[in-house]
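The structure presented is a predicted model; accordingly, all values stated were derived computationally and were not measured. Numbering of ligands and ligand atoms starts at 1, following listing order.
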Amino acid sequence: MNRREFLKYSLRAFVVATFGKGFYNTTVGQVELVRVPVKVKNLPASLRGLKIGLLTDLHSSFVVSHELIQSAARLIMSEKPDVIVLTGDYISGSTKFLSGSIGKFENQYVIRCSNALSQLRAPLGVYGVLGNHDFWSGQESVKAICGTLSEQIGVIWLRNRNVELKKGGVSFHLLGVDDYWEPSCSLTAACKGLDANSIKILLSHNPDINDDISVLKERIDLVLSGHTHGGQVVIPLLGQPVMPSKFGQKYRTGLVRDGDRQTYISRGVGCLLAPIRLNCLPEATVITLT
Ligand SMILES: [Fe+2]
């Protein structure tokens, strides 16, 4: 193969990878089920095999269909998780930053999101935290999201607090914080009263919370996050044009290790502004502790 042919085939492969199979429309598509075994240090025998269903970044809006969110909920339920967690951005309305019909907060999308998630049930409960977009239309959207999802699905909100859960007689703690970019985010409050020896799982929409964990020297075993959308638009060789994280690409997606602490970042379900994902499928995640 000469140089000219090599360039021709490389260009063709790039175009196919970028605009061919990798293109995904969030108004019609299906979600991928991602199973993630996570090895946790000193995990008690009773917690081995504990299954956590994780959904994030639903972004119920005119570019994300009811069916897409519903298919994510169906996949989670098919795995029979012990506990289900939701890590924020239920809607996209953002009156704080976007004007006109794109930024407008519309309660119909909160109701649509809640209806699409209505089948979620788990023996240890369904827990949630809020993302940046949930805050960006002010108290009106926060109140609507918290009220609707707790009334219709029984979501228990972890707004800078923790709960103690038990499996096989052994306790572990589930913690949650408000979105990292909000002044109300408090890891200190979320960690209040924790038993030093129990397993701790933190729900934080934004994986940048790792910065606070390092500063406070809290021992957290696992952080569950979304926010990055896995890059949403991933261009082969060039990467992700937009990455809303102070750590750049580090917490883009997947399992990231910081010493004994691990963070799993889901690509999420929905998307923003246009119904497009590129080489970055929507995801419903089931974490199994090992
Ligand atoms: Fe998001």
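Aromatic ring centroids of Trp136 and Tyr90 lie 6.0 Å or more apart.
Asp57 contributes atom OD2 as its closest N/O/S atom to the Fe ion (ligand 1). When distances from the Fe ion (ligand 1) to the N, O or S atoms of Asp89 are compared, OD2 comes out shortest.
One finds an angle of 90° at the Fe ion (ligand 1) between NE2 on His59 and NE2 on His229, to the nearest 10 degrees.
Side chain to side chain, Ser92 and His59 meet the donor-acceptor criterion of an N or O pair below 3.5 Å. For the 3.5 Å distance criterion, the side chains of Asn210 and Tyr180 fail to qualify, holding no donor opposite an acceptor.
Salt-bridge annotation for Asp178 and Arg159: present, with a side-chain N of the basic residue lying under 4.0 Å from a carboxylate O of the acidic one.
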